[in-house]
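Residue numbers run from 1 in the order of the sequence given.
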Amino acid sequence: MNVCTFTGNISRKAEMKNAGTTTVLKFTVAVNRKTKDDKADFVGFTAFGKTAEFIDRWCKVGTKVCVRSHYQQGSYVGKDGKNVYTHDFIVDELEKMLEGR
């Protein structure tokens, strides 16, 4: 089963593009490590269609989210003619989390 769940804060402005008949959104979430040194990993995600539109409209930098995704490997031929391999987390669901103040 290929399910990856991350909880963290959106860390930079999302980049929305139209790819033919669908919308593509790339964004990054800062996910805290489970150690005492307060370090975070910055995980990149790709969302499509209605999910991408929801994230673009309702989530801004700093928004706390829970992202359910799947890992996907891909490849393409770069400008130099060499194969480039990609490692992507594709969003299946995103939940905007409420934070207590």
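- Between Ile10 and Lys60, the closest side-chain pair of non-hydrogen atoms is not below 4.5 Å.
- With Thr22 contributing its side chain and Ala19 its backbone, the two residues share no donor-acceptor pair below 3.5 Å.
- How far CD1 of Ile90 is from OG of Ser69: 8.5 Å, rounded to the nearest 0.5 Å.
- The ring-ring contact (aromatic ring centres under 6.0 Å, His included) test applied to Phe48 returns no partner, not counting sequence neighbours.
- Here the OG1-CD distance, from Thr51 to Glu93, works out to 8.5 Å after rounding to the nearest 0.5 Å.
- Using a 4.5 Å cut-off between side-chain heavy atoms of Ile, Leu, Val, Met, Phe, Trp and Tyr, with links allowed through other members, Trp58 and Met16 fall into the same hydrophobic cluster.
- Smallest separation of non-hydrogen atoms from Thr5 and Arg68: OG1-CG, 3.8 Å.
- Taking Ile, Leu, Val, Met, Phe, Trp and Tyr as members and joining any whose side-chain heavy atoms lie under 4.5 Å apart, directly or through other members, the hydrophobic cluster of Met1 also contains Val3.
- Here the closest non-hydrogen pair linking Thr7 and Met97 is CG2-SD, 3.7 Å.
- Residues forming a side-chain contact (heavy atoms from CB on, under 4.5 Å) with Glu53 (at least two apart in sequence, or on another chain): Thr23, Lys50.
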Side-chain donor-acceptor pairs of residues 24-33 under 3.5 Å, sequence neighbours excluded:
residue: Lys26; atom: NZ; partner: Thr46; partner atom: OG1; Å: 3.2
residue: Thr28; atom: OG1; partner: Arg12; partner atom: NE; Å: 3.1
residue: Thr28; atom: OG1; partner: Arg12; partner atom: NH2; Å: 3.2
residue: Arg33; atom: NE; partner: Asp41; partner atom: OD1; Å: 3.2
residue: Arg33; atom: NE; partner: Asp41; partner atom: OD2; Å: 3.1
residue: Arg33; atom: NH2; partner: Asp41; partner atom: OD1; Å: 2.8

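- Closest approach of Leu94 to Cys59, counting heavy atoms only: CD2-SG, 4.0 Å.
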Legend entry - Derivation of the side chain to side chain contact (heavy atoms under 4.5 Å, CB included) call for Tyr85 and Asn83: CA-CA 6 Å; Tyr85 296 95; Asn83 286 335; 3.7 Å; yes
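- The two residues Ala52 and Ala47 make their nearest non-hydrogen contact at CB-O, 3.6 Å.
- Partners of Thr35 by side chain to side chain donor-acceptor pair (under 3.5 Å), not counting sequence neighbours, listed by chain and number: Asp37.
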For residues 71-80, which side-chain donor-acceptor pairs fall under 3.5 Å, sequence neighbours excluded?
residue: Tyr71; atom: OH; partner: His87; partner atom: ND1; Å: 2.5
residue: Asp80; atom: OD1; partner: Lys82; partner atom: N; Å: 3.0

